[in-house]
Colleague: 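Sharing a structure with you now.
The structure presented is a predicted model; accordingly, all values stated were derived computationally and were not measured. Sequential numbering from 1 along the given sequence is applied to the chain's residues. When reading the values below, keep in mind they use all heavy atoms of this one structure, side chains included, and skip hydrogens, waters and symmetry mates.
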Amino acid sequence: MAWDVFRPLPLADGAADAVLNVFAPRNPAEFHRMPRPTGRLIVVRPTGRHLAELRGRLPAMVTTDPAKEPRLYRALDPFFEAAVTEQVEYSATLSEPDALDLVTMTPSARHVSRADLSDGRFLPDQVTVSVLATAYQPR
């Protein structure tokens with residue numbers, strides 16, 4: 001289901017085994033009412049190494065804010081306790097069309113010019129995928 005995270009989700013209180021948030025804004029209070037007492041909120045977010053090869057070649061790409069982790073903790077702490085965090089990191093090979101698609105599906109699409117993308121020499125053929133995934137239990 002896709003939904004505006006800042007509106008109440010059409011889901012009964014305590015009805016979900018898991019609430020998954022991947023690279024998206026969070027609404028801690030709304031997320032807190034949805035999982036069962038044994039359910040989990042799973043938050044996936046990029047590390048500073050995520051897509052580093054693209055950022056190195058396209059300086060206008062959005063970077064990961066170093067203050068993101070403390071902000072996430074402050075926002076979720078009243079509602080959730082971190083149960084486990086795993087880092088997932090691997091290298092992915094990209095064709096030129098894949099690299100273009102990747103840039104245009106990120107927030108960087110608004111910051112990178114078409115001229116930067118039209119010359120394939122600026123696009124790497126491999127990128128690092130690097131994310132943190134944390135499972136939180138409701139307080």
Colleague: Give me the atom names and distance for the closest heavy-atom approach of Pro35 to Pro138.
Modeller: CG-CG, 4.0 Å
Colleague: How close do Phe80 and Pro28 get, counting heavy atoms only, and between which atoms?
Modeller: CE1-O, 3.8 Å
Colleague: Between Pro25 and Phe6, which heavy-atom pair has the shortest distance, and what is it?
Modeller: CB-CZ, 3.7 Å
Colleague: If we ignore angles and hydrogens, is there a donor and acceptor under 3.5 Å between the side chains of Thr128 and Glu89?
Modeller: no
Colleague: Using atom types as modelled and distance alone, determine if a side-chain donor or acceptor of Gln87 lies under 3.5 Å from a backbone N or O of Ser130.
Modeller: no
Colleague: Could you name each residue pair satisfying salt bridge (charged side-chain N to carboxylate O under 4.0 Å, His left out) that touches residues 124-134, not counting sequence neighbours?
Modeller: none
Colleague: Please answer whether the main-chain N or O of Val5 pairs with a side-chain N or O of Arg7 as donor and acceptor at a distance below 3.5 Å.
Modeller: no
Colleague: Assess the residue pair Thr134 and Leu72 against the criterion (side chain to side chain contact (heavy atoms under 4.5 Å, CB included)); give the C-alpha distance rounded to whole Å, side-chain angles, the decisive distance to 0.1 Å, and a yes or no.
Modeller: CA-CA 11 Å; Thr134 302; Leu72 176 65; 5.8 Å; no
Colleague: Taking Arg40 for its side chain and Gln137 for its backbone only, find out whether a donor-acceptor pair lies under 3.5 Å.
Modeller: no
Colleague: Going by side-chain heavy atoms closer than 4.5 Å, which hydrophobic residues are tied to Val129, directly or by a chain of links?
Modeller: Leu20, Val22, Phe23, Ile42, Val44, Val88, Tyr90, Val131
Colleague: Between Val127 and Leu94, is a side chain to side chain contact (heavy atoms under 4.5 Å, CB included) present by the stated rule, with each step listed?
Modeller: CA-CA 7 Å; Val127 294; Leu94 299 173; 3.6 Å; yes
Colleague: Do side-chain atoms of Arg55 reach the backbone of His50 as a donor and acceptor pair under 3.5 angstrom?
Modeller: yes
Colleague: Is a side-chain donor or acceptor of Arg33 paired with a backbone partner of Phe31 at a separation under 3.5 angstrom?
Modeller: no
Colleague: Is a side-chain donor or acceptor of Thr64 paired with a backbone partner of Thr47 at a separation under 3.5 angstrom?
Modeller: yes
Colleague: Run the side chain to side chain contact (heavy atoms under 4.5 Å, CB included) check on Leu132 and Glu69 step by step: do they pass?
Modeller: CA-CA 10 Å; Leu132 293 173; Glu69 287 301 307; 3.8 Å; yes
Colleague: Has the side chain of Arg139 got a donor or acceptor atom that lies under 3.5 Å from a matching backbone atom of Pro78?
Modeller: no
